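Just so you know, these numbers use all the heavy atoms, side chains as well, and skip hydrogens, waters and symmetry mates. Since this is a predicted model, take the numbers as computed values, not measurements.
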Amino acid sequence: MFDIQEIRSQFSILDREVNGKPLVYLDNAATSQKPNSVLEVCHAYYTELNANVHRGIHTLSQLATEEMELSRRKIQKFINAEQDFEVIFTKGTTEGLNLIAYILTQKLKKDDEIIISYLEHHSNIVPWQMLCERTGAKLRVIPIDENGILQMDRFDQFLSEKTKVVSVNQVSNALGIVNPVEEIIAKTRKNTDAYIVIDGAQSAPHFNIDVQKLDCDFFVFSGHKMYAPMGTGVLYGKREILEALPPFHGGGEMIATCSFEGTTYAGLPFKYEAGTPNVGGNIALGAAVDFINRIGHTNIQNHENALLEYAQRQLLELEGIKIYGEKAKRTGVVSFNLEGVGIASDVGMILDKMGIAVRTGHHCTQPIMDFFNIAGTVRASFAVYNTFEEIDILVEGVKKAQRMLS
């Protein structure tokens, strides 16, 4: 049974007050709060196991290694990767995308094409622009319509023998729009031999991910958006692709042999995990997977979709509310502005005085804001611990902002 109060009891931070008001945390697309079970794992690592991994024969090193590799296997099952060594630990989605763009450098040449979409976070734009600068490749961008929905007919037109990379997010962080990645992947496979990259930063906390069913070449996500510590993340890559591509960083852990005459590289996953990893964080990422699995993806989706539907309905009952992507399929996010209020941050500051945490601004998606000819939006984003009562408080806060700013 889905027990929201029992779930909330696992997040100690939700008991605190902000500006004399109970905290209403609605900035989960930026980062989620962490359950006690995850925090306890972090604490236990540093108080009971603290040691470097894969490098020592002493007990603490062996135990730490076992725990981190157990976490890798949990993540393998979480995304249904075929092999555990296809799971590469990273600092987060941004590092994963930069890693992919870097190692694909040798695969692109002048006038090759990379396809992304208008709905991308800057971290799925800038690395590809940098790759274009290195290689002379060209960037093609799938446009959106007035509802924020990708214009798939234009994507069809872009696909050609020049297409070498297609990289899109599964869910927009700014608008919460769910993109048709299955259709994008199927069309790419049918028409090209391009590498397919899926940014799962906003989908991994909400959806059941199956990378084998998706048939993407790479899938990246961040731990801190799915109840794990900051500085954690995952790059999934197909074995045969990762084995054929060069390393990203050089140094400890990623070598097989090293001499002044030359170096050979370790096998997967260590080839892409140079240096000391975030051991405690990576172990805690496995604990976050356990937390999500205990609640169940279906329960999470049903609850968060109900929250989104309720929030949109309540906000649209107010005069002068513009919700972006209102008619699109969305999850976890309602992004809006108040008519006549030029700066979203003014609304955010008023809400903060009421203990309500939302995100305001361009959300690292300036092209989306330019498309809608706005500077930014107010974004409320939901997690499994949010309640309908919190949405009522949000709506009252928006009413107050309207009175104060109109």
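Contact check on Arg359 versus Asp27 returns a salt bridge, with a Lys/Arg side-chain nitrogen under 4.0 Å from an Asp/Glu carboxylate oxygen. Under the 4.0 Å criterion applied to side-chain N and carboxylate O atoms, Lys162 and Asp112 are not assigned as salt-bridge partners. Glu317 has no carboxylate O lying under 4.0 Å from a charged side-chain N of Arg313, or vice versa, which leaves the two without a salt bridge. Arg189 has a carboxylate O that lies under 4.0 Å from a charged side-chain N of Asp215, or vice versa, which qualifies the two as a salt bridge.
Screening Lys238, Lys107, Lys164 against Asp217 for a salt bridge (Lys or Arg N to Asp or Glu O under 4.0 Å) leaves a single residue, Lys238.
A donor-acceptor pair is defined here as one N or O able to donate and one able to accept, closer than 3.5 Å; such a pair exists between the side chain of Glu86 and the backbone of Arg239. For Tyr272 (side chain) and Leu242 (main-chain N/O), a donor-acceptor pair under 3.5 Å exists by modelled atom type. A donor-acceptor pair is defined here as one N or O able to donate and one able to accept, closer than 3.5 Å; no such pair exists between the side chain of Ser222 and the backbone of Ala201. Side chain of Arg379 to backbone of Phe336: no donor-acceptor contact under 3.5 angstrom is found. Of the possible polar contacts, none joining the Tyr236 side chain to the Asn80 backbone as a donor-acceptor pair under 3.5 Å is found. Remark: the backbone N or O of Ile116 is not paired with any side-chain donor or acceptor of Glu120 at under 3.5 angstrom. Judged by distance alone, the side chain of Ser61 and the main-chain N or O of Asn52 form a donor-acceptor pair under 3.5 Å.
With sequence neighbours excluded, the residues satisfying ring-ring contact (aromatic ring centres under 6.0 Å, His included) with Phe291 are Phe11, Tyr227. Arg55 is linked by a salt bridge (Lys or Arg N to Asp or Glu O under 4.0 Å) to Glu253, counting only residues two or more places apart in sequence or in another chain. With sequence neighbours excluded, the residues satisfying ring-ring contact (aromatic ring centres under 6.0 Å, His included) with His122 are His362.
The nearest pair of heavy atoms linking Asp84 to Arg72 is O-CD, 3.2 Å.
Applying the ring pair (Phe, Tyr, Trp, His ring centres under 6.0 Å) test to pairs two or more places apart or on separate chains, none has a residue in residues 136-165. Judged as a side chain to side chain donor-acceptor pair (under 3.5 Å), the pairs with a partner in residues 325-348 (not counting sequence neighbours) are, in order, Gln312-Arg330, Tyr324-Asn337, Ser335-Thr377. Applying the side chain to side chain donor-acceptor pair (under 3.5 Å) rule to pairs touching residues 390-400 yields Arg8-Glu390, Tyr310-Asp392, Asn386-Glu390, Glu396-Lys399, sequence neighbours excluded.
Under the 30°/60° scheme for interplanar angles, the aromatic rings of Phe218 and Tyr195 are found to be tilted.
Annotation: His297 is in aromatic contact with Phe78 [ring centroid separation under 6.0 Å].
In summary, the side chains of Asn169 and Asn124 do not present any donor paired with an acceptor at a separation below 3.5 Å, with no hydrogens or angles considered.
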Quick one, Thr105 with Thr135, criterion side-chain contact (heavy atoms from CB on, under 4.5 Å). Give me CA distance, side-chain angles, the key distance, then yes/no. CA-CA 7 Å; Thr105 299; Thr135 62; 4.0 Å; yes
